[in-house]
Number of protein chains: 2
Amino acid sequence: MKSVQPPLCPMEALLRVITGPWTIYILWVLSEQGPQRFGALKRLVPGISTRVLTERLRMLEHAGVVWREQAMTIPPAVTYGLTERGAELRGVLDKLGSIARRWEAEGAFVGTASAAE
Amino acid sequence: MKSVQPPLCPMEALLRVITGPWTIYILWVLSEQGPQRFGALKRLVPGISTRVLTERLRMLEHAGVVWREQAMTIPPAVTYGLTERGAELRGVLDKLGSIARRWEAEGAFVGTASAAE
DNA sequence: GAAAGTAGGCACTTAAAAGTAACTAGATTA
DNA sequence: TAATCTAGTTACTTTTAAGTGCCTACTTTC
């Protein structure tokens, strides 16, 4: 038995890609700091577990939002960066971000969760 | 012991508002069909449980995205609709939606989950 | 010869989110 | 008199996601 879930929207699919606790943060870092290696990325997203970071990167890669480049050297070096699609996404996310900041200033998120504490 | 969670972004806060399985769907319905009463809304979002619908509406109301109007009649009649903030949100969501549709056409979400099955 | 560094994989546990179902109140209708 | 309608609430269960820690392979460095 599976949950019902709204079926239609491609939007749901997109949101399922960009949401989840750390995803936007990762995209943000890749966008601001440029392409990063796995370890560096992990350090730049403090608190994330390898497991989740790996999973998110796989998912983003699969959706074509980030690219992955593996150098077959012996301590393997893997680098991740934003694709064109990722950049495109960032455009909208920036707009969303400016709304978010304004709303925050207006106090929209006060008790919504993730407030202080 | 609490989970760490990325602290900074107001964006995370906003995304926490608009995500969750049914939220956008609800916003979409309110945007397309206009203000609706609770029961009608539930019928327009097939498969959702009262529990989740209530919770989402409370959260959206709290964030100032939807308004709630209760007529104190005896079978109580409660109506929900989009606020100005909700309309503003819809603007961006539309953009995100057009990206989503394009990406879908390009096959971005094929194995991302929520694909056919 | 031992330790460290890279990019994860795998198994196990825990916590959060969602589903399910039963229940409320008072007027109206059959 | 009993059932129905509205807009939920509450308790309980299930599902899903996330966190934690341990393990690998090979080379270079100490």
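In what follows, chains carry the letters A, B, and so on, assigned in the order in which the sequence lines appear, proteins first and then strands, with residues in each chain numbered from 1. All values below were derived from every heavy atom in this structure, side-chain atoms included, with hydrogens, water molecules and symmetry-related copies excluded.
- Residue A:F38 contributes atom CZ, which lies 11 Å from atom C1' of C:dG9 at whole-angstrom precision.
- Contacts of B:S49 with the nucleic acid, taken as non-hydrogen atoms under 4.0 Å apart, include base atoms.
- Per the geometry, OH belonging to B:Y80 stands 14 Å off P belonging to D:dT6, to the nearest Å.
- The nearest whole Å value for the distance from the NZ atom in A:K42 to the C1' atom in D:dG21 is 12 Å.
- The side chain of A:P76 sits closest to C:dT6 out of C:dG9, D:dG19, C:dT6.
- With distances taken from any side-chain atom of A:R68 to the nucleotides D:dC26, C:dA7, D:dT6, the minimum falls on C:dA7.
- Taking only side-chain atoms of B:A77, from C-beta outward, the nucleotide of C:dT6, D:dA7, C:dA18 with the closest atom is D:dA7.
- Nearest to the side-chain atoms of A:R58 among the listed nucleotides C:dG9, D:dG8, D:dA18 stands C:dG9.
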Practice problem: Show your reasoning for whether salt bridge (charged side-chain N to carboxylate O under 4.0 Å, His left out) applies to B:E88 and A:R102. | Solution: CA-CA 12 Å; B:E88 177 181 21; A:R102 182 154 38 80; 2.3 Å; yes
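- Set against C:dG5, C:dG8, D:dG8, the side chain of A:V78 has C:dG8 as its closest nucleotide.
- The separation between A:R43 atom CZ and C:dG8 atom P is 13 Å, rounded to whole Å.
- Nearest nucleotide to the side chain of A:R37, out of D:dC5, C:dG8, C:dT6: C:dT6.
- In this entry the distance linking CG of B:L44 with P of D:dA7 reads 13 Å, nearest Å.
- B:W28 carries B:R90 over the face of its six-membered ring, with the cationic atom under 6.0 Å from the centre and within 45° of the normal.
- Side-chain atoms of B:I74 lie closest to C:dG26 of the nucleotides C:dA7, D:dA18, C:dG26.
- Here C:dT20 presents its P atom at 14 Å from CG of B:L53, a figure rounded to the nearest Å.
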Quiz prompt | Derivation of the side-chain contact (heavy atoms from CB on, under 4.5 Å) call for A:I18 and A:L60 | solution = CA-CA 8 Å; A:I18 65 178; A:L60 293 169; 5.7 Å; no
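- Side chains of A:W67 and A:E84: no donor on one and acceptor on the other come within 3.5 Å.
- Between the side chains of A:W22 and A:E55, no donor-acceptor pair of N or O atoms lies under 3.5 Å.
- OP1 or OP2 of C:dA17 has not a single side-chain nitrogen or oxygen of B:W22 nearer than 4.0 Å.
- For the pair A:Q70 CD and C:dG9 C1', the interatomic distance rounds to 14 Å; values are reported in whole Å.
- Of the residues near DNA chain C, B:R56 and B:T50, the one whose nearest nucleotide (by heavy atom distance) lies more toward the 5' end is B:R56.
- Put simply, CD on A:E55 is 11 Å from P on C:dG9, counting in whole angstrom units.
- In the set D:dG8, D:dG19, C:dG19, D:dG19 carries the atom at the smallest distance from any side-chain atom of A:V52.
- Across all strands shown, A:R51 has heavy atoms under 4.0 Å from base atoms, whether or not it also approaches the sugar-phosphate.
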